[in-house]
Amino acid sequence: MITIKINSLDRKRTEAVTKVNEYFQSQYLLGSMRREAHARKRKQAQDVVDGITLEDSHAFVQEALLRNLTTIEFAKEILSKPVQDDSAELLRQSVLLGIENAQTLEDIDAVLKTYGIGG
Amino acid sequence: MMKDNVYSAFNKDTGEISMSNIVYDDPDGRYGKLLAEQEYTFIKHGGPAHANLSNDFIWNGRLSDRPKLKVTVNKQSMSIKEGNPIVVKDIPKDATLMIQVDGIEEPLFNQVLEDTSFALEVDVPGIYRVTISRWPYRNAVRKFEVRP
């Protein structure tokens with residue numbers, strides 16, 4: 001008679017890691033355009049603070065008007081906000097660590113559920 | 001109510017039914033001629049309904065029940081701490097064994113078994129499902145609860 005040894009936990013971990021990576025990949029793609037726009041706006045804000053004058057028709061000037069701010073006030077406000085860092089990678093690593101430390105199949109499901117990953 | 005005009009097409013080597021239709025308007029067996037033209041292997045038979053594609057097959061030219069696959073298991077549940085694996089016996093040779101656990105999409109094991117019995121050892125608790133298939137038997141499905 002043969003003995004079949006099943007290592008479910010490793011299989012579950014592998015499946016969960018794939019789900020986590022797919023989730024963060026999709027989030028990154030969604031967020032990348034926003035990050036690029038944010039970086040572009042910070043550069044424009046720095047230009048304004050450095051004394052470069054923008055045309056009245058420039059989107060940066062128009063947005064300042066929409067917010068009832070002068071161009072320089074708007075630029076300073078943007079520069080006062082923290083730079084968007086890659087906190088998503090830190091979060092991804094936290095999830096992966098949770099999966100690695102899980103001792104049961106339910107533990108892994110709980111980690112995924114906590115972060116809203118998977119079905 | 002019995003139907004007279006039931007046509008079931010099947011694989012001539014295995015008897016596995018691929019489709020089964022009740023034909024209400026079938027002058028001169030026209031539907032049978034159509035199936036023959038399309039090179040289907042089929043039989044025309046009666047019955048209360050069309051054939052059940054999962055539970056029936058064609059054997060010696062007749063619609064027949066697929067036999068049940070009877071396997072023997074030593075228990076329905078086990079504890080990892082206590083050991084003593086689940087043992088499944090009386091499996092026909094060359095049956096396909098699939099093992100799944102709730103919460104994992106892909107089967108944990110899916111292979112043809114040369115042995116007629118096996119012992120199952122698992123690493124974590126869960127509800128495990130063992131499916132043994134061997135044509136023309138109906139699949140034997142057994143669920144096991146594995147406790148810590």
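Keep in mind that the numbers below use all heavy atoms, side chains included, and drop hydrogens, waters and symmetry copies. Labels below follow one simple rule: chain letters A, B, ... track the order of the sequence lines, proteins then strands, and each chain is numbered from 1. Small disclaimer: the values here were computed from a predicted structure and weren't measured.
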#### Entry: Leading residue by heavy atom contact count with chain B [cutoff under 4.5 Å; candidates A:D10, A:T104, A:L105]
A:L105

### Summary
Output for pair (B:I91 CD1, A:M1 CE), nearest 0.5 Å, gives 10.0 Å

### Query
Between the side chain of A:K12 and the main-chain N/O of B:G103, is any donor-acceptor distance below 3.5 Å?
yes

### A:N7 (side chain) donor-acceptor with B:V122 (main chain) under 3.5 angstrom
no

### Message
Under 4.5 Å between side-chain heavy atoms, counting indirect links through other Ile/Leu/Val/Met/Phe/Trp/Tyr residues: same cluster for B:V87 and B:V130 or not?
### Response
no

### Query
Just wondering, are more than 12 heavy atoms of other shown residues or ligands nearer than 6.0 Å to CG in B:D28?
no

### Query
Can you tell me how far the CD1 atom of B:I86 sits from the CD1 atom of A:I4, to the nearest 0.5 Å?
11.5 Å

### Query
Where do B:D123 and A:L9 come nearest, in terms of heavy atoms and distance?
OD2-N, 3.1 Å

#### Entry: B:Y40 atom OH, neighbour heavy-atom count above 12 within 6.0 Å
no

#### Entry: A:K19/B:E105 salt bridge by N-O under 4.0 Å criterion
yes

### Task
May I ask you to name which of B:V101, B:I104, B:T116 has the most heavy-atom pairs under 4.5 Å with chain A?
B:I104

#### Entry: Inter-chain contacts: residues 55-66 of chain A against chain B, heavy atoms under 4.5 Å
none

### Task
Search all heavy atoms of A:R11 against all heavy atoms of B:P107 and return the closest pair with its distance.
NH2-O, 2.5 Å

### Task
Kindly check if the number of other-residue, nucleotide or ligand heavy atoms within 6.0 Å of NZ (A:K76) is above 12?
no

### Message
How long is the straight-line distance from CD of B:E121 back to CD1 of A:I6, given to the nearest 0.5 Å?
### Response
10.5 Å

### Query
Is it true that atom CZ of B:R30 has more than 12 heavy atoms of other residues, nucleotides or ligands lying nearer than 6.0 Å?
no

### Message
Looking only at heavy atoms and a cut-off of under 4.5 Å, which of B:D102, B:L120, B:L113 has the most pairs with chain A?
### Response
B:L120

